[in-house]
A.B. asks: 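The structure that follows is given in the form of structure tokens.
Every chain is numbered from 1, with letters handed out A, B, ... down the list of sequences.
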Amino acid sequence: MANLATYCFTAALITMSVAAGCYLFHLVSRLRVRATQLQTTAGTTTGATVTVGGATGPADSEAGRFGGLLTWLAFAFLIAWLVFRWSVTGHAPYSNQFEFATAFTLGMTGVFLFFQQRYQVRTLGALVVPAAVLMLVYANSLPDRILPLIPALQSPLLTIHVAMAVIAYGTFATAAAAAALYLLNERGQIAWLPKPAACDEIAYKAVIIGFPAQALLLMLGALWASIAWGRYWGWDPKETAALVTWLIYAGYLHARVLRGWQGRGAAILLLLGFAAVLFTFTGNHFLGGLHAYGGL
Amino acid sequence: MAQTTISLRPRQVDLVDRVWRVASSVRLGLTLIGLVAACTFIGTLVPQASNAGLYDAVAYANWLDFQRERFGVFGSLVTLFDALGLFNIFQSWYFRVLLVALAMSVALGGILNRVPRIWRGAMHLPPIRVGERLFEVHESARHVAADAAPAAARAALTGALRARRYRVVDEIDGDRTYVYADKHRFGIFGTFVSHTGLILVLLGALVGSVFGWRDDVFTITDGSTRPIGFGTDLAVRNDLFVDEYDPATGQPSDFYTDAVLLRRAGDGWEEIRRHRIRVNDPLDHNGVVVHQAFFGPATVLQVKDNQGNVMFRDGVAMPWRNPDGRPLGWVDIPAGRFPIPLSVFIIGRVPGGPAADPAIKPGQVAVEVYPAGRATPDTLLFRQLLDLGTPAVLMTPTGRPLLEFTFERERQFTGLNLSYNPGLPLIWTACVLMLVGWSAVFYFPHRRVRAVVAPGATGGSRVSSAFISRLDLGAHREHESITGDVAARLRAATLAGAPAGISQPDLIV
């Protein structure tokens with residue numbers, strides 16, 4: 001079973017890498033389509049149109065479709081890794097940095113696939129999937145030894161507390177990608193990129209999943225700390241870093257209704273928020289604290 | 001009697017209004033969120049003294065020196081950080097002021113200022129009739145033309161809307177029917193619920209900090225009993241502490257305390273309940289919670305006076321480490337037959353094999369005796385290595401015996417956390433409120449549709465509709481679904497009622 005988990009991890013890494021290449025090729029092909037359009041009669045649009053909340057763009061490409069299929073396959077491999085690793089360890093595979101980095105990738109990929117399916121915006125994959133590959137490469141560099149769970153982590157709350165992080169961080173990754181695309185095409189003049197309104201909507205829809213998930217992560221962590229240590233909040237660096245992340249997204253949700261902060265300001269907050277996610281994720285390497293066991 | 005009226009001059013009204021606008025503004029709330037986030041980020045990066053478990057000013061000063069070494073070439077920043085309170089930022093006055101300001105902003109801006117507008121939006125019906133130009137220019141406008149009579153078209157539209165749980169209100173004006181439909185109009189009230197939750201969290205934290213208490217270093221040697229204190233009549237007896245290790249890795253796999261909770265009964269104790277306390281399975285009695293936290297070595301020590309009376313006989317936990325890395329514990333012995341109270345320090349050997357500590361051999365501990373509360377090198381009264389089972393005597397300078405110390409046996413101690421937090425119910429309630437509130441706001445957005453049913457230009461009828469709330473993908477798809485359903489209902493109505501030869505209605509323009 002442990003070997004099966006390793007094979008699935010490796011398969012996911014390879015498949016995701018190829019998928020990333022396909023998405024990047026898709027991006028290039030959209031650029032070429034647009035260049036070709038500019039050379040033809042003005043106003044002529046070739047191929048089917050894709051509508052996203054009123055926004056339109058050129059059609060999908062073979063590379064994009066192949067990238068989508070491969071990403072689904074990589075996602076399936078990651079699910080299989082989760083199942084096999086869980087059956088070997090006897091608990092949810094979230095107890096060390098390697099396991100959580102892989103689970104983070106699972107969340108990132110799953111959320112991206114959901115939004116790609118719903119909004120038919122493959123360009124998002126050109127940002128999210130390479131990021132997922134980088135996360136898997138990072139996970140691959142970490143020790144993946146299976147060790148017994150230390151007493152402090154022997155609780156059913158491990159599963160749901162960290163699962164919330166997987167969901168939250170995954171959605172914030174998609175939101176950040178949408179924000180980046182928004183900023184790249186703020187005026188909507190780049191036809192081969194999704195329209196700003198579509199990017200804004202995708203980002204918002206991602207955050208309204210991630211924000212409560214991040215809050216639930218903090219709440220379940222508080223509940224667990226209260227049970228284990230008698231203190232629901234101890235200003236531990238991991239706790240405070242997660243709180244900073246949550247506050248940034250709270251700021252984003254308020255900024256969206258504020259004149260002068262809509263659009264660009266909100267998008268910048270999303271990028272800042274994802275930077276906070278990465279800081280929270282990696283911070284225990286240098287910040288220490290009670291979460292430092294297992295490198296979480 | 002002449003009546004007097006008091007009225008505010010315009011400038012006063014203007015000032016109050018301005019203060020209210022600022023205090024309840026989203027911009028202020030966003031600023032406060034940013035400041036709290038910034039302080040929290042600083043507290044994440046800068047080492048916090050509160051996490052170091054420091055107990056007095058001397059320990060804090062030593063800790064600052066340690067930080068100067070860690071900061072290296074930036075060591076001079078330590079003094080600045082200390083002056084700014086950055087090493088205790090979460091307990092600083094300015095952080096607390098920010099939290100209070102945030103709570104007020106949430107109350108004023110998040111709740112009170114928005115109640116009238118949101119209440120109106122949910123409870124009051126807008127005018128049903130609108131200008132039909134809306135259906136020509138609105139980006140979401142859709143039209144369905146059919147051969148069916150306007151009455152059938154109206155029925156199809158209202159049926160399609162009601163099937164999707166819309167509240168439908170219509171108004172007939174001549175040959176036209178104007179329709180207003182909405183759903184989830186109460187979802188926005190979730191914002192009041194979630195913001196109330198936020199305030200409750202802060203209130204719960206305040207209640208806990210004022211009325212709660214905790215002890216993070218509550219140690220009990222195996223077989224010993226220790227009162228909890230804090231005004232309770234409770235004590236905990238450690239019947240047995242067990243620690244287990246994984247044979248492959250040597251890591252602790254489990255550790256627990258078979259504990260008995262006791263209540264004062266006369267001069268003794270009566271048993272309330274027994275519980276095996278593990279890290280994630282504390283003992284909870286009416287809000288007093290005992291958690292398994294840590295463990296370590298302990299020494300059973302006996303102290304007798306020169307008459308042979310036992311002044312102390314119990315386990316002394318050694319949870320601390322001295323600068324040499326040796327386990328360290330102490331016990332205070334009150335004055336009695338001995339004229340002054342004493343602090344007796346027990347120092348164990350450095351953990352490891354026989355060669356780990358040449359100064360203190362296996363089966364030995366060191367004991368140091370000081371006047372209570374004055375443990376400094378120049379107040380040391382007595383220092384002696386104790387062999388297991390062999391008494392050592394503290395003598396006067398003239399050779400008269402004063403006290404006898406005996407190292408009776410080695411034991412383990414269990415380290416427990418005690419806590420009592422009456423704010424917890426508020427905290428958990430607040431969490432539920434926040435989740436419920438956000439779910440209502442995010443997942444049940446207020447959806448509003450306007451429509452008009454009018455006679456068609458060439459006969460039949462025409463249904464025009466527009467989605468007038470936020471037009472996101474979900475709303476777009478819902479609108480498409482509604483218009484598709486209207487068309488299907490009209491088709492069915494036409495087929496059911498029309499003789500052969502009548503053309504099919506147009507679908508969607």
Side-chain angles (χ1 to χ4, degrees), chain A residues 51-54 118-119 147-157 198 201-202 204-205 208-209 211-212 215-216 218-219 222-224 226-241 243-244 246-248 250-251 254-255 257-258 260-261 276 279-280 283 287-290, chain B residues 26-27 29-30 33-34 36-38 40-41 43-45 47-48 50-51 89-91 139-140 205 208 214 216 246 248-249 251-256 278-282 289-293 416-421 423-424 427-428 431 434-435 438-439 441-443 471-476:
Chain A
T51 303
V52 178
R118 186 168 170 78
Y119 287 88
L147 295 172
L149 212 52
I150 61 174
L153 296 183
Q154 291 171 16
S155 167
L157 284 168
E201 181 180 331
I202 291 170
Y204 174 70
K205 294 297 186 183
I208 64 172
I209 299 171
F211 178 76
L216 207 44
L218 289 166
M219 293 169 188
L223 176 64
W224 193 359
S226 177
I227 294 170
W229 303 323
R231 180 197 296 270
Y232 65 89
W233 190 262
W235 302 107
D236 180 74
K238 190 80 168 185
E239 293 172 354
T240 54
L243 178 61
V244 170
W246 183 79
L247 285 169
I248 292 173
H254 288 82
V257 300
L258 212 54
W261 276 87
F279 175 77
T280 307
L287 293 175
L290 287 166
Chain B
V26 177
R27 204 170 290 275
L30 188 56
I33 289 171
V36 170
T40 308
F41 184 64
T44 305
L45 287 180
Q48 295 297 294
S50 57
N51 288 341
I89 196 167
F90 302 117
Q91 289 75 33
E139 59 176 316
S140 72
R214 59 178 299 107
D216 286 331
D246 180 77
T249 63
Q251 298 275 356
S253 59
D254 191 13
F255 56 95
Y256 58 84
R278 283 192 162 92
V279 175
N280 290 299
D281 187 12
V289 192
V290 186
H291 309 261
Q292 180 71 64
L416 306 171
N417 287 346
L418 305 178
S419 67
Y420 173 72
N421 191 338
L424 278 180
I427 300 282
W428 307 137
C431 291
M434 283 191 276
L435 292 171
W438 290 326
S439 298
V441 172
F442 294 151
Y443 310 135
L471 195 66
D472 55 23
L473 182 67
H476 179 78

A.B. asks: Please give me the minimum heavy-atom distance between K205(A) and D472(B), naming the atom from each residue.
C.D. replies: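 Closest pair (atom of K205(A), atom of D472(B), distance): NZ-OD2, 2.8 Å.
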A.B. asks: Taking L258(A), L216(A), L218(A) one by one, which has the highest count of heavy-atom pairs under 4.5 Å against chain B?
C.D. replies: L258(A)
A.B. asks: How far does CH2 of W261(A) sit from CG of L30(B), to the nearest 0.5 angstrom?
C.D. replies: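 With rounding to 0.5 Å, CH2 (W261(A)) is 5.5 Å from CG (L30(B)).
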A.B. asks: Please test E201(A) against L473(B) for side-chain contact (heavy atoms from CB on, under 4.5 Å), starting from the C-alpha separation and ending with a verdict.
C.D. replies: CA-CA 8 Å; E201(A) 181 180 331; L473(B) 182 67; 3.0 Å; yes
A.B. asks: With rounding to the nearest 0.5 Å, note down the distance linking CZ in F41(B) to CG in L243(A).
C.D. replies: 13.0 Å
A.B. asks: How close do P151(A) and P252(B) get, counting heavy atoms only, and between which atoms?
C.D. replies: CD-O, 3.3 Å
A.B. asks: Measure the CG-CG distance between D254(B) and L149(A) for me, rounded to the nearest 0.5 Å.
C.D. replies: 11.5 Å
A.B. asks: How far apart are the C-alpha atoms of W224(A) and N280(B), what are their side-chain angles, what is the distance that settles it, and do they pass the side chain to side chain donor-acceptor pair (under 3.5 Å) test?
C.D. replies: CA-CA 8 Å; W224(A) 193 359; N280(B) 290 299; 2.7 Å; yes
A.B. asks: Side chain from CB out, backbone as N, CA, C, O: work out which of these in L223(A) comes under 4.5 Å of a heavy atom of chain B, or both, or neither.
C.D. replies: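 Both backbone and side chain.
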A.B. asks: What part of I208(A) gets closer than 4.5 Å to chain B, counting heavy atoms only: side chain, backbone, both or neither?
C.D. replies: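 Answer is both: backbone and side chain atoms of I208(A) are under 4.5 Å from chain B.
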A.B. asks: So which of V289(B), V441(B), L435(B) has the largest heavy-atom pair count under 4.5 angstrom toward chain A?
C.D. replies: L435(B)
A.B. asks: Side chain, backbone, both or neither: which part of A276(A) has a non-hydrogen atom closer than 4.5 Å to chain B?
C.D. replies: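 Interface part for A276(A): neither.
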A.B. asks: Can you tell me how far the CD1 atom of I248(A) sits from the CD1 atom of I33(B), to the nearest 0.5 Å?
C.D. replies: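 Reported to 0.5 Å precision, the distance equals 11.0 Å.
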A.B. asks: Do R231(A) and H291(B) make a side-chain contact, defined as non-hydrogen atoms from C-beta onward lying under 4.5 Å apart?
C.D. replies: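 Not touching, per the 4.5 Å side-chain cut-off.
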A.B. asks: Let me know if I427(B) has heavy atoms under 4.5 Å from chain A in its side chain, its backbone, both or neither.
C.D. replies: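 Only the side chain of I427(B) comes within 4.5 Å of chain A.
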A.B. asks: Got Y443(B) and P212(A) here, is their nearest side-chain heavy-atom distance under 4.5 Å?
C.D. replies: yes
A.B. asks: Would one find more than 12 heavy atoms of other residues, nucleotides or ligands at under 6.0 Å from atom OH of Y420(B)?
C.D. replies: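 No, OH of Y420(B) has 12 or fewer neighbouring heavy atoms, counting only those of other groups under 6.0 Å.
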A.B. asks: Counting only N and O atoms by type, is there a donor-acceptor contact under 3.5 Å from the side chain of D246(B) to the main-chain atoms of P148(A)?
C.D. replies: no
A.B. asks: Highest number of heavy-atom pairs under 4.5 Å with chain A: which of R27(B), R278(B), Q48(B), M434(B)?
C.D. replies: R27(B)
A.B. asks: I'd like to check L45(B) versus F279(A) (side-chain heavy atoms, cut-off strictly below 4.5 Å). Are they in contact?
C.D. replies: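 They are in contact (side-chain heavy atoms under 4.5 Å apart), so the answer is yes.
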A.B. asks: Donor-acceptor pair, distance only, cut-off 3.5 Å: does the side chain of H254(A) make one with the backbone of G29(B)?
C.D. replies: no
A.B. asks: Only pairs of heavy atoms separated by less than 4.5 Å count here; which of A241(A), G230(A), A255(A) has the most with chain B?
C.D. replies: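 The option with the most such pairs is G230(A).
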A.B. asks: Could you tell me which non-hydrogen atom of S226(A) sits nearest to which non-hydrogen atom of L424(B), and how far apart they are?
C.D. replies: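 Nearest pair, atom of S226(A) first, then L424(B): OG-CD1, 3.7 Å.
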A.B. asks: What part of R214(B) gets closer than 4.5 Å to chain A, counting heavy atoms only: side chain, backbone, both or neither?
C.D. replies: side chain
A.B. asks: So what's closer than 4.5 Å to chain B heavy atoms on W233(A): side chain, backbone, both or neither?
C.D. replies: neither
A.B. asks: Is there a side-chain contact between V279(B) and Q154(A) in this structure, where contact means two heavy atoms from C-beta onward sitting under 4.5 Å apart?
C.D. replies: no
A.B. asks: Is there side-chain contact between F90(B) and T240(A), with heavy atoms separated by less than 4.5 Å?
C.D. replies: yes
A.B. asks: Top residue by heavy-atom pair count (under 4.5 Å) with chain A, among A475(B), P282(B), C431(B), S439(B)?
C.D. replies: C431(B)
A.B. asks: Side chain from CB out, backbone as N, CA, C, O: work out which of these in S253(B) comes under 4.5 Å of a heavy atom of chain A, or both, or neither.
C.D. replies: backbone
A.B. asks: Report the relative orientation of the aromatic rings in F442(B) and F211(A); use parallel for angles under 30°, tilted for 30 to 60°, perpendicular for over 60°.
C.D. replies: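 Perpendicular.
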A.B. asks: Does any heavy atom of chain A fall under 4.5 Å from the side chain of V290(B), the backbone, both, or neither of them?
C.D. replies: neither
A.B. asks: Under 4.5 Å heavy-atom distance to chain A, tell me which part of A205(B) shows up: side chain, backbone, both or neither.
C.D. replies: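 Contact with chain A involves both backbone and side-chain atoms of A205(B).
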A.B. asks: Report yes if the side chains of W235(A) and Q91(B) come closer than 4.5 Å at any heavy-atom pair, otherwise no.
C.D. replies: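 Yes, close enough: below the 4.5 Å cut-off.
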